[in-house]
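In what follows, a single structure is set out as structure tokens and then discussed.
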Amino acid sequence: MGKVLSGIQPSGQLTIGNYIGALQNFVKLQHTEECFFMVVDMHAITVPQEPAALREQSEAVAALFIAAGIDPSKANVFMQSHVPAHAELGWMLTTLTNMGELERMTQFKDKSAGKESVGAGLFVYPSLMAADILIYNADLVPVGDDQKQHLELTRDLAQRFNHRFGDYFTLPKPYIPEVGARIMGLDDASKKMSKSSSNPGSFITLLDPPDVVRKKISRATTDSGREVKFDPANKPEISNLMGIYAHCSGLTLAEIEARYEGQGYGPFKKELAEHVVAVLEPLQARYNEIRSSGEIHQILKRGAERAAEVANKTVADVKEKMGFLAPRA
Ligand code: ATP
Ligand code: LTN
């Protein structure tokens, strides 16, 4: 059994981009691997946050993990901040990370662009992410395409540590879906769909009611043609919607093309909305049950206990290897 680790930020409502790019693969991998899935609240504070919103969104994201099909008897679900060893290893790895490496990170460039003041946490974020992964010696990391660069840095840091202090860390591999690794905004197919976007019309959240889903899809931008064809270079908007369609319906891209041949975009968008609603409705019903039962707190407690067992052992080993003096009686 390999180890799997991934995290999602409680920086807003989860979108179908998070679902297709990451969560669906969490659900898939839990059957064959030992999995650690966390809500990365320590990452969410790298941009200004409102305390009440952070608390509510953290609980909501954890409940959505379960509602989306993660079985807490199979996978460990927990809050990053409940396992303080992440921050400790994060600091140690920060000391092995070069400024130049962090300056090249596109997520940092995107999130800091045009801001008057940028916190140092946003800059060193990738070494905390590397700690999240390496602390479990994870083999696989299910993520969307945008996290590839952070994964490469994680591998480099693992190699650097192993080279300087002796072989210890596993080099993790990203696990990225073939279609849907980067779901684009409904308003602009050149930008990734993002839960923290200021335009709610650009994303569909997992908690959007059916009518909101229908409205957002009917307003999604398309080209002025009428052919439903998967051609990301020339038809980015339709190709993006087709990716969502494929994930929500189980049909292949070729089957979708054949189904709408000669019909234009109207029927395609209408049926796409119904497929999305069909995926979200049962998920939302489960979400409401989980939130009202309060069971999530117990799930998070158990998840953090198992996670801490593994994480504390790694930090102890790493301290030993790096030359920290251990406390003695
Ligand atoms: P934020 O807007 O706060 O940066 P986000 O929506 O980009 O958030 P994250 O919490 O950063 O989401 O990402 C959680 C996981 O979802 C990551 O594995 C990420 O790669 C994946 N993901 C995020 N957006 C998309 C998308 N549009 N398409 C596919 N995968 C995505
Ligand atoms: N950086 C990721 C969130 C994240 C993560 C992780 C993903 C933090 N730690 C560990 C996978 C593994 C993001 O912005 N989506």
Side-chain angles (χ1 to χ4, degrees), residues 3-26 29 35-49 53-54 57-58 60-61 64-65 68 78-81 83 86-87 89-90 93 105-108 110-112 121-122 124-136 138-155 157 172-200 202-206 240 243-244 247 307 311:
K3 290 222 194 84
V4 171
L5 171 290
S6 196
I8 299 191
Q9 299 192 60
S11 47
Q13 300 265 13
L14 295 197
T15 69
I16 50 168
N18 299 130
Y19 180 72
I20 294 171
L23 254 182
Q24 266 195 340
N25 277 338
F26 295 6
L29 288 166
C35 292
F36 296 88
F37 297 128
M38 58 178 179
V39 181
V40 290
D41 49 358
M42 303 278 275
H43 280 91
I45 62 168
T46 57
V47 293
Q49 90 287 152
L54 178 64
Q57 281 158 8
S58 297
V61 173
L64 278 171
F65 278 15
F78 61 101
M79 299 295 308
Q80 185 185 28
S81 66
V83 184
H86 285 252
L89 184 63
L93 295 179
M105 294 293 128
T106 56
Q107 182 168 308
F108 173 73
D110 291 347
K111 291 202 171 180
S112 60
L122 190 65
V124 299
Y125 172 121
S127 47
L128 178 58
M129 173 163 165
D132 296 339
I133 298 166
L134 299 180
I135 212 164
Y136 301 103
D139 304 283
L140 281 185
V141 184
V143 280
D145 183 61
D146 61 309
Q147 296 302 314
K148 246 190 188 154
Q149 199 187 23
H150 288 156
L151 254 295
E152 278 159 24
L153 177 66
T154 303
R155 292 168 64 87
L157 289 174
K173 291 195 191 74
Y175 187 89
I176 297 177
E178 263 171 47
V179 176
R182 186 181 286 260
I183 300 292
M184 309 312 274
L186 299 180
D187 57 336
D188 178 354
S190 70
K191 287 205 195 106
K192 182 181 88 96
M193 182 182 285
S194 173
K195 63 173 121 69
S196 60
S197 160
S198 56
N199 173 14
S202 71
F203 54 72
I204 295 172
T205 84
L206 298 184
N240 184 43
I244 299 172
H247 275 269

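Both ligands and their constituent atoms are indexed starting at 1 by order of listing. Just so you know, these numbers use all the heavy atoms, side chains as well, and skip hydrogens, waters and symmetry mates. One-based numbering along the sequence shown.
The ring-ring contact (aromatic ring centres under 6.0 Å, His included) check on Phe203 picks up nothing, with sequence neighbours excluded.
Put simply, the side chain of His150 never gets that close to the backbone of Met105: no donor and acceptor are under 3.5 Å apart. Between the Lys195 side chain and the Gln9 main chain, a donor and an acceptor come within less than 3.5 Å of each other.
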Quick one, Gln107 with Gln147, criterion side chain to side chain contact (heavy atoms under 4.5 Å, CB included). Give me CA distance, side-chain angles, the key distance, then yes/no. CA-CA 8 Å; Gln107 182 168 308; Gln147 296 302 314; 2.9 Å; yes
Side chain to side chain contact (heavy atoms under 4.5 Å, CB included) between Ile8 and Phe26: does it pass, once the steps are laid out? CA-CA 11 Å; Ile8 299 191; Phe26 295 6; 4.0 Å; yes
Show your reasoning for whether side chain to side chain contact (heavy atoms under 4.5 Å, CB included) applies to Met193 and Ile20. CA-CA 11 Å; Met193 182 182 285; Ile20 294 171; over 6 Å; no
Intermediate values then yes/no, side chain to side chain contact (heavy atoms under 4.5 Å, CB included), Asn18 and Leu23: CA-CA 6 Å; Asn18 299 130; Leu23 254 182; 5.7 Å; no
Quick one: ligand 2 N/O to protein N/O pairs below 3.5 Å?
unit_1	atom_1	unit_2	atom_2	d
ligand 2	1 (N)	Tyr125	OH	2.6
ligand 2	1 (N)	Gln147	OE1	3.0
ligand 2	9 (N)	Asp132	OD2	2.7
ligand 2	14 (O)	Gln9	NE2	3.2
ligand 2	14 (O)	Gln107	OE1	3.4
ligand 2	14 (O)	Gln107	NE2	3.4
ligand 2	14 (O)	Tyr125	OH	2.6
ligand 2	14 (O)	Gln147	NE2	3.3
ligand 2	15 (N)	Gln147	NE2	3.2

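The 4.0 Å heavy-atom shell around ligand 1 contains residues Ile8, Gln9, Ser11, Gly17, Asn18, Gly21, Ala22, Lys111, Val143, Gly144, Asp146, Gln147, Gly180, Ala181, Arg182, Ile183, Lys192, Met193, Ser194, Lys195, Ser196, ordered by chain and number.
If you look at His86 and Tyr136, their ring centroids are closer than 6.0 Å.
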All N/O donor-acceptor pairs, side-chain side in residues 35-45, below 3.5 Å, sequence neighbours left out:
unit_1	atom_1	unit_2	atom_2	d
Asp41	OD1	Ser81	N	2.9
Asp41	OD2	Ser81	OG	2.5
His43	ND1	Gln80	NE2	3.2
His43	NE2	Met129	N	3.4

